[in-house]
Amino acid sequence: MSRGNLKALAAQEIRRRIFAGELRPGAKIDQEAVAEELGISKLPVREALITLDHEGVVEHIARRGAYVAELTRDDIRDQYRVFGLVSGLAAERAAKSLSSESLQALADLADRAESCVDPAEQERLNFEFHRRINHGSESRRLISILGILGKTVSHGFYEAHEDWPAKAREDHRRIVDALLERSGDRARMAVERHFADGAERAVSLLEAQGFWDRV
């Protein structure tokens, strides 16, 4: 695996631990422990922490090390909602540009997700669902921005939120219906609402895990 991929692996794992509530605001991140657990050297872990610092989820303190940033509830909401705003714009464009065949394939994908019970497969189908819409926008700039934003959202949403799969299926069906009707406005609003709801679920989960509790 290349160093870039190792850095991405480390960033994804640290990000997962933060948004899963395993690492709370103000907690020091043990670089050596992360490297050992992932079976990699410390260099890609250090590079990953620099990336996470730029994302605003990690804070470097001189001569002390890297710590989880003091994230607020609105920080979590903003992260998801910004993703939703750009995704909504892509959906608005896709409503006009997706071919009939692509729309049918998207509807078929939503059908597959409705009958799926495995969280990991649901996560994969969800990714593919949104990827097809994003690429359907035919906007290189939007696709590029969404690729960057997508890396900042923690994986494992379907495993962590027990009630999310049913809500996501409902949302996806609403999005598909808007796209089939070629309604850009409805598609954009449905996608924005989908991500806004995801933000509230993420906040609720972190609250339940005591993310903002002081120990």
Side-chain angles (χ1 to χ4, degrees), residues 6-38 40 42 44-88 118-120 122-124 126-127 130 146-171 191-215:
L6 291 174
K7 180 184 79 170
L9 173 68
Q12 179 179 320
E13 175 58 18
I14 296 169
R15 192 184 296 113
R16 183 198 66 75
R17 294 182 186 187
I18 292 173
F19 289 104
E22 296 174 18
L23 289 172
R24 298 184 184 182
K28 184 173 183 178
I29 299 171
D30 190 332
Q31 299 182 41
E32 290 188 7
V34 172
E36 183 176 347
E37 289 168 21
L38 294 177
I40 61 179
K42 288 191 293 184
V45 176
R46 286 198 296 269
E47 293 174 339
L49 289 170
I50 292 173
T51 296
L52 294 172
D53 188 13
H54 292 160
E55 291 179 13
V57 297
V58 166
E59 180 182 8
H60 283 275
I61 300 178
R63 295 181 296 279
R64 291 181 58 192
Y67 293 77
V68 178
E70 294 292 336
L71 297 167
T72 68
R73 291 166 178 79
D74 281 340
D75 287 329
I76 305 299
R77 293 186 178 103
D78 290 345
Q79 182 176 16
Y80 280 87
R81 296 193 70 174
V82 168
F83 199 179
L85 288 171
V86 184
S87 296
D118 177 58
Q122 288 174 336
E123 190 95 39
R124 190 193 70 77
N126 177 72
F127 174 84
H130 288 287
L146 286 166
I148 295 170
L149 290 173
K151 295 175 182 177
T152 69
V153 177
S154 178
H155 298 276
F157 207 78
Y158 281 74
E159 296 179 5
H161 302 254
E162 293 182 357
D163 64 336
W164 181 245
K167 179 62 169 63
R169 289 193 293 269
E170 179 183 328
D171 288 354
V191 169
E192 289 178 4
R193 182 72 260 169
H194 177 59
F195 278 87
D197 287 347
E200 293 307 320
R201 277 172 166 73
V203 169
S204 294
L205 179 68
L206 291 173
E207 287 178 336
Q209 294 174 335
F211 187 73
W212 288 284
D213 294 347
R214 290 298 179 184
V215 294

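Since the model is a prediction, treat every value here as computed from it, not as a measurement.
Atom-to-atom distance recorded for E32:CD and E36:CD is 8.5 Å, nearest 0.5 angstrom. Remark: E55 CD to I50 CD1 distance equals 12.5 Å, nearest 0.5 Å. Summarising the geometry, atom CD belonging to E59 is positioned 10.5 Å from atom CD1 belonging to I29; distances are rounded to the nearest 0.5 Å. The CG atom of N126 sits 10.0 Å away from atom CG of D171, with the distance rounded to the nearest 0.5 Å. We find the CD-CD1 distance between Q31 and I14 to be 7.5 Å, quoted to the nearest 0.5 Å. Remark: T152 OG1 to Q79 CD distance equals 4.5 Å, nearest 0.5 Å.
Taking each heavy atom of V191 and G84 in turn, the nearest pair found is CG1-O, 4.1 Å. Looking at every heavy atom in both residues, V58 comes nearest to D53 through O-OD1, 2.8 Å. Taking all atoms of both residues into account, the shortest heavy-atom contact from A10 to L38 is CA-CD1, 3.8 Å. Heavy-atom minimum distance, F19 versus L206: O-CD2, 3.2 Å. Here the closest non-hydrogen pair linking V203 and W212 is O-CZ3, 3.9 Å. Here the closest heavy-atom approach between residue Y80 and residue A202 is recorded as CE1-CB, 3.7 Å.
No more than 12 heavy atoms of other residues, nucleotides or ligands shown are found within 6.0 angstrom of NZ on K42. Shown here is R81, whose CZ atom has no more than 12 heavy atoms of other residues, nucleotides or ligands within 6.0 Å.
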Working for side-chain contact (heavy atoms from CB on, under 4.5 Å), residues I18 and L71 | CA-CA 10 Å; I18 292 173; L71 297 167; 4.1 Å; yes
Assess whether salt bridge (charged side-chain N to carboxylate O under 4.0 Å, His left out) is satisfied between R201 and D197, documenting all intermediate values.
-> CA-CA 6 Å; R201 277 172 166 73; D197 287 347; 5.2 Å; no
Verify side-chain contact (heavy atoms from CB on, under 4.5 Å) between E22 and R16, making sure each step is shown before the conclusion.
-> CA-CA 8 Å; E22 296 174 18; R16 183 198 66 75; 3.0 Å; yes
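Between E207 and R73 there is a salt bridge, since a side-chain N of the basic residue sits under 4.0 Å from a carboxylate O of the acidic one.
The aromatic rings of H194 and H130 sit parallel to each other, their planes meeting at less than 30°, with 60° as the upper class boundary.
Using a 4.5 Å cut-off on side-chain heavy atoms (C-beta onward), K151 and T51 make no contact.
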